[in-house]
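Step one of this worksheet: look at the structure below.
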2 protein chains.
Amino acid sequence: MLTPLLDHIEKFIKLELSEIDILETCLNISKVKKKEHLLQEGQVCNRLYFIVKGCARQYIINSKGTEQTLQFAIENWWITDYLSYHNNTPSSFYIQTVENCEVIAVEKGTLESLLIEIPKLERYFRIVSQKSFGAAQMRIKFLFTMSAEERYHHFNNLNPDFVQRVPQYMLASYLDFSAEFMSKIRAGKV
Amino acid sequence: MLTPLLDHIEKFIKLELSEIDILETCLNISKVKKKEHLLQEGQVCNRLYFIVKGCARQYIINSKGTEQTLQFAIENWWITDYLSYHNNTPSSFYIQTVENCEVIAVEKGTLESLLIEIPKLERYFRIVSQKSFGAAQMRIKFLFTMSAEERYHHFNNLNPDFVQRVPQYMLASYLDFSAEFMSKIRAGKV
DNA sequence: TGAATTTCTTGAAGTAGTTCAAGTTTTTTA
DNA sequence: TAAAAAACTTGAACTACTTCAAGAAATTCA
């Protein structure tokens, strides 16, 4: 079922039927169990991942040995380490599924051929990554200007359903505070 | 002098002479004095800015009335608010020159025509924005894992020259600590 | 050049968060 | 369905930073 990806692409560019055919022969979807790693720290990242179903995250392990989530990806999001991908340098991140997932993993060579066969896709990936970059800037703004409690409530208001999907400690680290503090915020003990 | 931009583009794609001609007729460079604003909070951002010479920054004013710098751009960097640009929503940011600058401001309509005339440019902007997004992720990693002092030394090691170019209080806010604390770090009083 | 403005420094007091340790609850798995 | 593992909670002690206020130094510009 590549449909979700094709639909996502068609939000930004118009594909010919022949191009859809090409995409269907080049891409395939795979099931990935919860907690499996798509990328390990130290590996060179040579794939982009599109989440068809489920949830994945990018995280690191800090100097105290605690996991800190830097990014989540749910349905219709791409996730990867673009720096490692483009520079062929070892990644600083782990990418791991948080739920059982259906994922389209696009290998670098495959993508390069696709971009040559269907140059319009350059536009799709340009727009998607420019929007992602914009979102990352807003994220930094929120981290800079809001208190821990404000960040929690703000996120919770914008994404009430998502908050139910992931363990609290992952969300706490994504919002840059400790799991214990999250507990206190939720209990109103702060 | 569009040369720096043309050189930057040619790092990622090969341009025909005819395409260079098109670029030269569509783009123009302007001088912008230090401390002028390229974008004000609340405006819809409909331009991309390429810094040919000088330094600019993206900042916000927080609830205490203090400026916080979210991003710097120097020679050969693009700066804009992609979220406002793509969604036509009012920007949450200011973009301001930090030094006297030479800037190529590309208006949205101009860029759309250029991308139609020279589709290869889609590739250029895709790669540039994917790399920027990668850099933003690393930035979040450093903010999450390093202490204020570590962030300062790390940044200073990577960009010793740049540190001399901007006021300390701007760099302090970019690294997410107070100007006073920056002073103490530099004096070794911490 | 000298006045005005901007930037940097310093110390003292305060606080938003962390850390630790132990216990409880929930979920997963065999 | 019992045992194991994962996730969440709680309070007490701590700390990395902020805030404030005031003065000193450097830079800008008329």
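Every chain is numbered from 1 and lettered A, B, ... according to where its sequence line falls, protein lines coming before strand lines. For clarity, every value in this text was computed on a predicted model and none was experimentally measured.
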Separation of [X] atom [atom1] from [N] atom [atom2], in whole Å?
X	N	atom1	atom2	value
A/Leu143	C/dA16	CG	P	18 Å
A/Ile185	C/dA16	CD1	C1'	11 Å
B/Glu149	D/dA16	CD	P	10 Å
B/Arg165	D/dT27	CZ	P	16 Å
B/Lys35	D/dT27	NZ	P	13 Å
B/Glu99	D/dT28	CD	C1'	15 Å

Please determine if a side-chain N or O atom of [X] lies less than 4.0 Å away from the OP1 or OP2 oxygen of [N].
X	N	value
B/Lys189	C/dT9	no
B/Lys64	D/dT19	yes
A/Gln168	D/dA6	no

query: Can you tell which of D/dG11, C/dC8, D/dT28 lies closest to the side chain of B/Lys34?
result: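 From the listed options, D/dT28 comes nearest.
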query: Is a salt bridge present between B/Lys120 and B/Glu10, judged by a nitrogen-to-oxygen distance below 4.0 Å?
result: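 The answer is no: the pair does not qualify as a salt bridge.
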- prompt: Using 4.0 Å as the upper bound for N to carboxylate O, is an ion pair formed by A/Glu67 and A/Lys35?
  reply: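 A salt bridge is absent here (no side-chain N lies under 4.0 Å from a carboxylate O).
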field: Exercise: identify the closest heavy-atom pair between A/Ser132 and B/Phe133
entry: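 Between these two residues, the closest heavy atoms are O-CE1, 3.4 Å.
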message: Between A/Leu171 and A/Met182, does the side-chain contact (heavy atoms from CB on, under 4.5 Å) criterion hold? Intermediate values first, please.
response: CA-CA 9 Å; A/Leu171 184 57; A/Met182 169 71 101; 3.9 Å; yes
- prompt: Which residues in residues 169-184 of chain A have at least one heavy atom lying under 4.0 Å from any atom of DNA chain D?
  reply: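 Contacts with DNA chain D under 4.0 Å: A/Tyr169, A/Glu180, A/Ser183, A/Lys184.
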message: Looking only at side-chain N and O atoms, does A/Lys11 offer a donor or acceptor that is under 3.5 Å from a partner on A/Asn76?
response: no
message: Among A/Phe72, A/Tyr59, A/Phe162, exactly one meets ring pair (Phe, Tyr, Trp, His ring centres under 6.0 Å) together with A/Tyr174. Which residue is that?
response: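 Single pass found, and it is A/Phe72.
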